[in-house]
Amino acid sequence: MLLPTIRILTFLGLDHSYPGLILSNLGGGYFSFAVFVYVGFMRAVPDEVVEAARLDGAGGLRIWWTIIMPLVRPATATVAIFLSLWIWNDFLNPQFILGPLQGQTITTGLYLSVGQYQMDYGQLFGIMFLAGIIPVAGYLLMQKQFAAGLTAGSTK
């Protein structure tokens, strides 16, 4: 799956660039996961709530922003947590699409810090610790919404 992606990005002139990496991440299943989660949550939104807002004179954008988005906040937190962790931990796409000359992500930087014959374990574990702080902090910030999304619809 990686070779056709790289060939398409080369054809588009987006190989060895961050827009190419973002485009491959969107097309590589991350966007479809987000759509899958949002569709499941949107089906749980009662039609009566939207109809009542329309009767009160709210437009489509107002209904979306003030009614729908607060109701799907757990889905947004779930999608944000999962996608950020998947993208944060991705190794193959940045390694092959960006290449070693363009730039580094955390995972490719860890890979490049490992030597063939010797290794500085202090530096390696320090980088790994710093790389782990950001996902843990993000999860702790969205933990309440994530837990609400897991338990949504479990009781009546």
Side-chain angles (χ1 to χ4, degrees), residues 1-45 47 50 59-143 145-150 152-153:
M1 192 167 147
L2 191 60
L3 184 61
T5 303
I6 292 173
R7 286 192 180 190
I8 291 170
L9 291 175
T10 303
F11 177 75
L12 294 174
L14 294 174
D15 57 335
H16 301 294
S17 68
Y18 288 110
L21 179 63
I22 293 169
L23 184 64
S24 71
N25 281 340
L26 285 176
Y30 299 138
F31 189 65
S32 60
F33 172 76
V35 169
F36 178 74
V37 171
Y38 274 116
V39 165
F41 271 82
M42 294 285 186
R43 287 186 179 157
V45 174
D47 291 334
V50 176
L61 184 62
R62 175 126 179 140
I63 291 172
W64 173 258
W65 192 250
T66 60
I67 307 284
I68 303 295
M69 282 307 290
L71 290 175
V72 296
R73 190 178 302 148
T76 304
T78 303
V79 166
I81 287 172
F82 275 102
L83 293 187
S84 62
L85 284 176
W86 286 346
I87 292 170
W88 187 262
N89 291 325
D90 192 14
F91 176 74
L92 284 178
N93 282 339
Q95 181 71 18
F96 289 109
I97 292 173
L98 288 179
L101 301 177
Q102 172 65 25
Q104 296 177 6
T105 60
I106 293 292
T107 53
T108 56
L110 279 171
Y111 174 72
L112 292 176
S113 69
V114 174
Q116 184 176 0
Y117 299 110
Q118 65 181 12
M119 199 174 334
D120 184 7
Y121 286 106
Q123 176 187 6
L124 181 65
F125 291 145
I127 294 171
M128 290 169 67
F129 176 74
L130 291 175
I133 286 177
I134 294 174
V136 169
Y139 176 76
L140 291 176
L141 288 173
M142 291 193 242
Q143 178 181 1
Q145 296 300 321
F146 181 70
L150 290 176

To the nearest 0.5 Å, tell me how far [X] [atom1] sits from [Y] [atom2].
X      : Y      : atom1 : atom2 : value
Asn25  : Trp86  : CG    : CH2   : 11.5 Å
Asp120 : Phe125 : CG    : CZ    : 10.0 Å
Tyr38  : Thr78  : OH    : OG1   : 9.0 Å
Ile68  : Leu61  : CD1   : CG    : 12.0 Å
Ile97  : Thr10  : CD1   : OG1   : 9.5 Å
Asn93  : Leu98  : CG    : CG    : 9.0 Å

Any donor-acceptor N/O pair, Thr107 side chain to Asn89 backbone, under 3.5 Å: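 Such a contact is absent between Thr107 side chain and Asn89 backbone.
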Polar side-chain atom of Trp88 near backbone of Ala131 as donor-acceptor pair, under 3.5 Å: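 Confirmed, Trp88 side chain pairs with Ala131 backbone.
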Residue pair Tyr30, Leu26: steps toward the side chain to side chain contact (heavy atoms under 4.5 Å, CB included) verdict: CA-CA 5 Å; Tyr30 299 138; Leu26 285 176; 5.7 Å; no
Minimum heavy-atom distance between Pro94 and Leu21, given as atom pair plus value: N-CD1, 3.8 Å
Minimum heavy-atom distance Gly20-Leu9, with the two atoms named: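 Nearest pair, atom of Gly20 first, then Leu9: O-CD1, 3.6 Å.
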Phe31 CZ: over 12 foreign heavy atoms closer than 6.0 Å: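 Atom CZ in Phe31 is not packed in, count stays at 12 or less.
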Within 6.0 angstrom of Phe91 CZ, more than 12 heavy atoms from elsewhere: yes
Heavy-atom side-chain contact between Ile8 and Leu23 under 4.5 Å: no
Student check: side-chain heavy atoms of Met69 and Thr76 closer than 4.5 Å: yes
From CA spacing to verdict: side chain to side chain contact (heavy atoms under 4.5 Å, CB included), Leu130, Ile133: CA-CA 5 Å; Leu130 291 175; Ile133 286 177; 4.2 Å; yes
